[in-house]
Amino acid sequence: MESLISLKGHFHVFPSFSSKPRTTIPPTQVNTYRKNSFFSFSVRAQVEPNEGSATIATSSESVVDALKVKEWEVGMFHNEVAATQGIRIRRRPPTGPPIHYVGPFEFRLENEGNTPRNILEEIIWNKDIEVTQLKQKKPLGMIRKSLEKAPPVRDFIGALRAANERTGLPGLIAEVKKASPSRGILRENFDPVEIAQSYEKGGAACLSVLTDEKYFKGSFENLELIRNAGVKCPLLCKEFIIDAWQLYYARSKGADAVLLIAAVLPDLDIKYMTKICKILGLAALVEVHDEREFDRVLGIEGVELIGINNRNLETFELDISTTKKLLEGERGKIVRERNIVMVGESGLFTPEDIAYVQEAGVKAVLVGESIVKQSDPGKGISNLFGKDISV
């Protein structure tokens, strides 16, 4: 919390319209920790001027302020836990940094603690706001009821295995993707159903549908449209999952699988969410992009589908040798022993790229840019694999 009062960075000043005088004496903070718990309970006591004893604030204004501070601290503690697992993508401070007061003015300091450090962190912070707003409009109870009308779940992993056996090549997860932060608009003439049907005709085993609107120009409407159009390929909801509510929401929209990103989710979140996925019948594609993340995921029981993203999620640079590096040695042996389906992701543009990651040990590939940009995405699949893989 010391960084919050540092003079480094920028700060904004807002007039305070409260006529209530504010004490300039800093509050004391009492922390009580529960043994064997991830969470700490923090009580901020308010010190009255000229008195040595601390009293808990009871006014409505003070209670609201205290809750905001508590929310901020819990968010920071989540980041501390994640950091011990090598997770560098932080969660958004729930209410921004606490407000500081100077006379009649209030301000928040902008520094590294409350400003996204890279594009993935920016996406995650925006997703946190988006999900919070959606949960208010559509509570979990409402989503659970809508599951009764959701179309039946299809076997995502089974479809990938079947395609691999049929063609002798990695099963294809073809991505319905209009744009990306690194490449901008990929396809101006974008009809999600037409693209999905072309993929299916071209031999795709499964489809990945981007649902993030702000950064990828996707939507859950696209997911529903494709599902309702009669496309038989199982569908992966390509979303930035940070809350279990999103799993129920994806299933209600017709998803057969979801993406869980190890660079964002701590181990307990992944364990919890994979269990919910099994209850809902969803396949969970757990994505890693370095050795530490891979080791973490291999240590989680019940993971059946792992994707290796060849794109650095912080810099967005590509290196397909990442797949080979991660599947060498003991990790590759564990994957084979557990019969885990490995998926190569990003940076795959040619038959040589496909052969390279297949030799490394993948049974499936997730490809978007190199085929969605083609005038006929179905033919783009043939070009990617160097042969016709349609049924």
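We number each residue from 1, following the sequence as shown. Computed from a prediction, not measured in an experiment: that's the story for all the values here.
- Using modelled atom types, no side-chain atom of Arg227 and backbone atom of Lys253 make a donor-acceptor pair closer than 3.5 Å.
- Rounding to the nearest 0.5 Å gives a distance of 7.0 Å between CZ of Phe190 and NZ of Lys178.
- Between Val367 and Ile173 there is no side-chain heavy-atom pair separated by less than 4.5 Å.
- The only member of Trp125, Phe216, Tyr215 that meets ring-ring contact (aromatic ring centres under 6.0 Å, His included) when paired with Phe240 is Phe216.
- When all heavy atoms of Ser346 and Ile320 are compared, the closest pair comes out as O-CG2, 4.0 Å.
- The shortest side-chain heavy-atom distance between Leu236 and Leu285 falls under the 4.5 Å cut-off.
- Among pairs with a residue in residues 334-385, none fulfils ring pair (Phe, Tyr, Trp, His ring centres under 6.0 Å), at least two apart in sequence or across chains.
- Remark: Glu291 CD is packed, more than 12 non-hydrogen atoms of other residues, nucleotides or ligands lying under 6.0 Å away.
- A salt bridge does not link Lys232 with Glu200: none of the charged nitrogens is closer than 4.0 Å to a carboxylate oxygen.
- With sequence neighbours left out, the side chain to side chain contact (heavy atoms under 4.5 Å, CB included) criterion links Ala174 to Leu172, Tyr199, Ala204, Leu207, Ile371.
- Salt bridge status for Glu175 with Lys238: present, with a side-chain N to carboxylate O gap under 4.0 Å.
- Using a 4.5 Å heavy-atom cutoff, the side chains of Thr322 and Ile308 are in contact.
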**Residues Ser198, Asp376; criterion side chain to side chain contact (heavy atoms under 4.5 Å, CB included); working and verdict** = CA-CA 7 Å; Ser198 182; Asp376 182 344; 3.2 Å; yes
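- Summarising the local packing, CD of Glu188 is surrounded by 12 or fewer heavy atoms from other residues, nucleotides or ligands at distances under 6.0 Å.
- Listed here is the closest heavy atom pair of Asn222 and Pro192: OD1-CG, 3.5 Å.
- The closest side-chain heavy-atom distance from Met342 to Lys363 is not below 4.5 Å.
- Taking 4.5 Å as the limit, every side-chain heavy atom of Lys324 sits out of range of all side-chain heavy atoms of Val357.
- Salt-bridge formation is not detected for the pair Arg311/Asp319: no Lys NZ or Arg NE/NH1/NH2 atom is positioned less than 4.0 Å from an Asp or Glu carboxylate oxygen.
- Taken to the nearest 0.5 Å, the CD atom of Glu293 stands 11.5 Å off from the CD1 atom of Ile306.
- Contact annotation: the side chain of Leu348 never approaches that of Leu366 to less than 4.5 Å [non-hydrogen atoms, C-beta and beyond].
- Ile226 has its side chain within reach of Val209: a pair of non-hydrogen atoms, C-beta onward, lies under 4.5 Å apart.
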Identify each donor-acceptor pair in which a side-chain atom of residues 326-334 lies under 3.5 Å from a protein atom, sequence neighbours left out, and give them as a table.
{"unit_1": "Arg331", "atom_1": "NE", "unit_2": "Asp295", "atom_2": "OD1", "d": "2.7"}
{"unit_1": "Arg331", "atom_1": "NH2", "unit_2": "Asp295", "atom_2": "OD2", "d": "3.2"}

Output a table of donor-acceptor pairs, distance under 3.5 Å, between side-chain atoms of residues 271-280 and any protein atom two or more places apart or on a different chain; print 'none' if there are none.
{"unit_1": "Thr274", "atom_1": "OG1", "unit_2": "Ile270", "atom_2": "O", "d": "2.9"}
{"unit_1": "Thr274", "atom_1": "OG1", "unit_2": "Lys271", "atom_2": "O", "d": "2.9"}
{"unit_1": "Lys278", "atom_1": "NZ", "unit_2": "Gly302", "atom_2": "O", "d": "3.4"}
{"unit_1": "Lys278", "atom_1": "NZ", "unit_2": "Glu304", "atom_2": "OE2", "d": "3.3"}

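- For the atom pair CZ (Arg296) and CG (Asp267), the distance works out to 4.5 Å, reported to the nearest 0.5 Å.
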Expected list for residues 138-153: side-chain donor-acceptor pairs under 3.5 angstrom, two or more places apart:
{"unit_1": "Lys138", "atom_1": "NZ", "unit_2": "Tyr249", "atom_2": "OH", "d": "3.3"}
{"unit_1": "Ser146", "atom_1": "OG", "unit_2": "Ile143", "atom_2": "O", "d": "2.5"}

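- Between the CD1 atom of Ile241 and the CD1 atom of Ile124 there is a distance of 9.5 Å, given to the nearest 0.5 Å.
- Looking at Asn309 and Glu287, their side chains do bring a donor and an acceptor atom within 3.5 Å of each other.
- Using a 4.0 Å cut-off between a side-chain N of Lys or Arg and a carboxylate O of Asp or Glu, Glu239 and Lys127 qualify as a salt bridge.
- Ala179 approaches Lys217 most closely through the heavy-atom pair CB-CG, 3.6 Å.
- Side-chain contact check for Ser208 versus Val176: every heavy-atom pair is 4.5 Å or farther apart.
- Taking CG of Asp269 as the start and CD1 of Ile261 as the end, the distance is 13.0 Å to the nearest 0.5 Å.
- For the atom pair CG (Leu169) and CD (Glu165), the distance works out to 13.0 Å, reported to the nearest 0.5 Å.
- Residues forming a side chain to side chain contact (heavy atoms under 4.5 Å, CB included) with Asp155 (at least two apart in sequence, or on another chain): Ile157.
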